Amino acid sequence: MKHAVGLILAAGRGSRMKGLTGDRPKCLTELAGRPLLHWQLDALRTGGAAPLLVVGGYLGHMLEPETQGMPADAYATLENPAWARTNMLSTLLCAAPWLERQFDQGAGQAVISYSDIVYHPGHVAALLAHPDHVAITYDTLWEPLWRLRFGDPLLDAETFRQEGGRLAEIGGKPGSLDDICGQYMGLIKVSREGWRTVTQRCARLGDAVARTDMTAFLRLLLGDDTPVGAVPVAGRWCETDSGDDLDRYRRALEAPGWSHDWR
């Protein structure tokens with residue numbers, strides 16, 4: 001079986017974190033005693049994705065392995081020099097030379113991770129086991145997490161619907177909880193063919209890539225009738241958009257058996 005690689009999109013500052021990211025990238029804020037980045041690196045490796053690449057931007061020098069107390073070859077780094085005026089899709093395209101080199105050297109798949117999430121390694125393994133060339137994970141236990149973060153889950157949740165193990169709808173404004181069968185987490189898998197589909201669709205977007213977020217891009221793929229696998233997972237992950245999120249998760253971790261404990 002061909003090996004998989006992993007990349008983490010860590011270019012943005014995370015302005016909603018306010019002062020917590022004044023002197024560090026968002027992925028270096030800490031949860032359960034470790035920076036988010038360290039949790040991500042371990043989950044990707046344990047789940048079957050290595051070697052690894054971190055694509056930085058804001059204070060990107062802080063993401064170097066040696067700066068994180070790791071060997072120089074623990075992971076590779078690149079930079080999105082336009083991080084302040086682009087988004088994660090643009091950051092992903094900065095990784096194209098590295099990723100295509102990995103495919104040329106025998107990698108079969110790549111897992112792409114947001115840098116503001118933590119997740120169990122089993123989610124990575126489940127994603128890699130899905131046969132489609134493009135696939136995402138979604139949380140079927142999303143509602144308790146959204147209630148913890150927002151009170152009313154409909155304040156932030158987006159529509160999500162799958163049919164037969166494939167994504168059918170994502171990113172709309174839900175009218176009720178019935179419009180949501182899960183929530184996208186920020187983990188994507190592409191094969192070499194899937195990556196070709198991604199880059200060709202980005203080429204058609206042209207300059208609009210910089211204004212297209214990842215959820216909107218997934219909708220574009222659906223509009224092209226590109227199959228996008230939908231891999232269900234049950235909790236065991238978190239997304240961190242603010243310092244309040246971190247505080248809520250720290251309190252939740254104090255009680256045993258929390259459904260979204262990723263460790």
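The structure presented is a predicted model; accordingly, all values stated were derived computationally and were not measured.
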Enter the distance from [X]:[atom1] to [Y]:[atom2] here, rounded to the nearest 0.5 Å.
X	Y	atom1	atom2	result
Arg219	Thr215	CZ	OG1	7.0 Å
Leu220	Met214	CG	CE	12.0 Å
Leu92	Leu99	CG	CG	7.5 Å
His133	Arg196	NE2	CZ	9.5 Å
Ile112	Leu187	CD1	CG	10.0 Å
Leu9	Tyr114	CG	OH	8.0 Å

N/O donor-acceptor pair under 3.5 Å between [X] side chain and [Y] backbone:
X	Y	value
Lys173	Leu154	yes
Asn87	Thr212	yes
Asp139	Gly235	yes
Thr46	Pro121	no
Lys26	Met17	no
Ser242	Arg16	no
Thr67	Leu63	no

Do [X] and [Y] come close enough that some side-chain heavy atom pair is under 4.5 Å?
X	Y	result
Trp83	Thr91	no
Arg204	Asp224	yes
Asp152	Leu155	yes
Arg161	Glu163	yes
Gln102	Pro51	yes
Tyr75	Leu37	yes
Ile8	Val55	no
Tyr249	Leu148	yes

Can Val118 and Trp237 be said to form a side chain to side chain contact (heavy atoms under 4.5 Å, CB included), step by step?
CA-CA 5 Å; Val118 290; Trp237 78 288; 6.0 Å; no
Are Leu177 and Leu141 joined in one hydrophobic group, where the rule is that I, L, V, M, F, W and Y side chains link up if heavy atoms are under 4.5 Å apart?
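No, separate clusters.
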If you compare all heavy atoms of [X] against all heavy atoms of [Y], which two are closest, and at what distance to 0.1 Å?
X	Y	value
Arg24	Thr29	CD-N, 4.2 Å
Leu205	Val209	CB-CG2, 3.7 Å
Tyr58	Asp23	OH-N, 4.2 Å
Ala157	Gln183	CA-OE1, 3.5 Å
Cys181	Gln162	SG-N, 3.8 Å
Ala135	Val231	CB-CG2, 4.5 Å

Checking Arg192 against Trp195: charged group under 6.0 Å from the ring centre and within 45 degrees of the axis?
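No, Arg192 does not sit over the ring of Trp195.
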Go through the steps for Arg149 and Asp245 under the test side chain to side chain contact (heavy atoms under 4.5 Å, CB included), then give the verdict.
CA-CA 6 Å; Arg149 299 174 66 200; Asp245 281 340; 2.9 Å; yes
With under 30° as parallel and over 60° as perpendicular, where do the rings of Trp142 and Trp146 fit, or are they tilted in between?
perpendicular
Arg250 vs Glu254, test: salt bridge (charged side-chain N to carboxylate O under 4.0 Å, His left out). Steps then yes/no.
CA-CA 7 Å; Arg250 288 167 184 146; Glu254 292 174 357; over 6 Å; no
Gln40 vs Ser113, test: side chain to side chain donor-acceptor pair (under 3.5 Å). Steps then yes/no.
CA-CA 8 Å; Gln40 295 152 15; Ser113 171; 5.0 Å; no
Is it true that Ser191 and Gln109 share a donor-acceptor pair across their side chains at a distance under 3.5 Å?
no
Test item: side-chain donor near acceptor, Asn80 and Ser90, under 3.5 Å
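No pair is found: no donor N or O on one side chain lies under 3.5 Å from an acceptor on the other.
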If you apply the rule side chain to side chain contact (heavy atoms under 4.5 Å, CB included), what do you find for Leu7 with Leu52, and how did you get there?
CA-CA 5 Å; Leu7 55 151; Leu52 302 173; over 6 Å; no
Charged N to carboxylate O below 4.0 Å: is that the case for [X] and [Y]?
X	Y	result
Asp42	Arg34	yes
Lys189	Asp132	no
Asp261	Arg236	no

Walk me through it: do Trp262 and Tyr119 pass the test ring-ring contact (aromatic ring centres under 6.0 Å, His included)?
CA-CA 5 Å; Trp262 66 94; Tyr119 41 88; 9.8 Å; no
Using the side chain to side chain contact (heavy atoms under 4.5 Å, CB included) criterion, which residues pair with Ser176? Sequence neighbours excluded.
Asp178, Asp179
Derivation of the side chain to side chain contact (heavy atoms under 4.5 Å, CB included) call for Leu222 and Leu167
CA-CA 8 Å; Leu222 292 182; Leu167 183 64; 3.9 Å; yes
Tyr184 and Phe160: aromatic ring centres closer than 6.0 Å?
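No - the distance between ring centres of Tyr184 and Phe160 does not fall below the 6.0 Å cut-off.
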Does Lys18, at its NZ atom, have more than 12 non-hydrogen atoms belonging to other residues, nucleotides or ligands within less than 6.0 Å?
no
